[in-house]
Amino acid sequence: MYGENASSKTERPLPVPDPGTLLADTSRGDRVGEFQGVAGPYWSLRPVGGGREWEVEPRYVRPALLMEQLRARTARLNARSRGEVL
């Protein structure tokens with residue numbers, strides 16, 4: 001699973017998720033974002049409702065829980081209905 005590294009001696013590269021996969025950034029209070037790609041040693045995430053991308057170390061990322069996914073998608077739909085997002 002993403003973000004489960006026991007120690008630096010036994011670390012294995014984390015599997016890179018598919019673009020658009022919803023992930024939670026545990027270093028930012030479980031902020032949910034869509035995986036955009038790899039930028040050097042970091043993963044790029046973008047808020048589901050649109051906005052500025054941010055970078056995070058893969059060890060601080062986990063798959064978004066179902067409730068987090070629903071919350072993020074609902075926020076996107078609400079923003080879209082207000083004309084803030086296409």
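On a predicted model such as this, the values are computed, not experimentally measured, just so you know.
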Worksheet item: Do the charged groups of Asp25 and Arg62 touch, with an N to O distance under 4.0 Å?
Response: no
Worksheet item: In the hydrophobic cluster built from side-chain contacts under 4.5 Å, what are the other members alongside Leu22?
Response: Val32, Val48
Discussion item. With rounding to the nearest 0.5 angstrom, report the CG to CZ distance, Leu45 to Arg52.
Written reply: 14.5 Å
Worksheet entry | Members besides Leu65 in its Ile/Leu/Val/Met/Phe/Trp/Tyr cluster (side-chain heavy atoms under 4.5 Å) | none
Worksheet, complete the sentence: Students should find that the hydrophobic cluster of Tyr42, defined by side-chain heavy atoms under 4.5 Å apart, otherwise consists of none
Worksheet entry | Donor-acceptor under 3.5 Å (Thr26 side chain, Tyr60 main chain) | yes
Worksheet entry | Donor-acceptor under 3.5 Å (Thr74 side chain, Leu70 main chain) | yes
Discussion item. How close do Pro41 and Pro58 get, counting heavy atoms only, and between which atoms?
Written reply: O-CD, 3.2 Å
Item to complete: Check step by step if side chain to side chain contact (heavy atoms under 4.5 Å, CB included) holds for Val16 and Val38.
Response: CA-CA 8 Å; Val16 176; Val38 177; 4.0 Å; yes
Item to complete: Taking the side chain as every heavy atom from C-beta outward, state whether Trp54 and Arg28 have any atom pair closer than 4.5 Å.
Response: yes
Worksheet item: Under 3.5 Å, side chain of Arg46 to main-chain N/O of Gly51, donor-acceptor pair present?
Response: yes
Response to the item:
Residues Trp43 and Pro17: closest non-hydrogen pair is CH2-CD, 3.5 Å
Worksheet, complete the sentence: Rounded to the nearest 0.5 Å, the CE atom of Met67 sits from the CZ atom of Arg71 at a distance of 6.0 Å
Fill in: Basic-acidic side-chain contact under 4.0 Å: Glu34, Arg73
no
